[in-house]
Peer 1: 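Can you keep this structure in mind? I'll have questions shortly.
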Amino acid sequence: MKTIQNIIIGFGKGGEILAKFLAQKGEEVLVIEKSNQMYGGTCINIACLPSKRLIIEAGNGVEFC
C-alpha cells in the first residue's frame, strides 16, 4: 500500500489552491474529484448564488445599470 502525504477531496477553488500550494512546496498531493467535468468546482461550472440571482432577476425583467 502506498502512503500519500496529502489527499484533497474535491477540486473546487479551495482544493485547487491548496493542491497548488502544497505541490509548490514539494509535497506529494493526491486530488480526488468525482466528476471529470467539474474542474474548478461547482461555483465555476454551475453558478454561485449571486450568478443565479442575476439570471433569475434578468428573467423577471429587472434591469442592471
Side-chain angles (χ1 to χ4, degrees):
M1 181 193 300
K2 180 173 171 61
T3 300
I4 303 290
Q5 192 174 11
N6 298 285
I7 299 174
I8 298 172
I9 300 173
F11 199 63
K13 191 63 178 168
E16 177 185 358
I17 290 171
L18 181 57
K20 181 178 178 181
F21 173 78
L22 294 170
Q24 286 176 335
K25 290 177 52 177
E27 295 190 24
E28 183 180 30
V29 180
L30 170 66
V31 178
I32 300 172
E33 172 57 57
K34 71 179 176 179
S35 172
N36 63 355
Q37 310 225 342
M38 292 294 284
Y39 180 89
T42 302
C43 194
I44 292 171
N45 292 288
I46 296 174
C48 292
L49 187 56
S51 299
K52 290 177 185 176
R53 173 57 49 211
L54 289 172
I55 292 166
I56 291 166
E57 295 297 339
N60 291 332
V62 176
E63 293 186 25
F64 296 93
C65 299

Peer 1: Applying side chain to side chain contact (heavy atoms under 4.5 Å, CB included), can you list everything that pairs with Lys25, at least two apart in sequence or on another chain?
Peer 2: Phe21, Glu27
Peer 1: Ile8, Ile4: one ILVMFWY side-chain cluster at the under-4.5 Å cut-off?
Peer 2: no
Peer 1: Compare every heavy atom of Phe11 with every heavy atom of Glu33, then report the nearest pair and how far apart it is.
Peer 2: OE1-N, 2.8 Å
Peer 1: Go through the structure and list residues passing side chain to side chain donor-acceptor pair (under 3.5 Å) with Lys2, not counting sequence neighbours.
Peer 2: Glu28
Peer 1: Are Leu18 and Val29 connected in the hydrophobic side-chain network, where two residues link if heavy atoms are under 4.5 Å apart?
Peer 2: yes
Peer 1: To the nearest 0.5 Å, how far apart are CD1 in Ile9 and CG in Leu30?
Peer 2: 9.0 Å
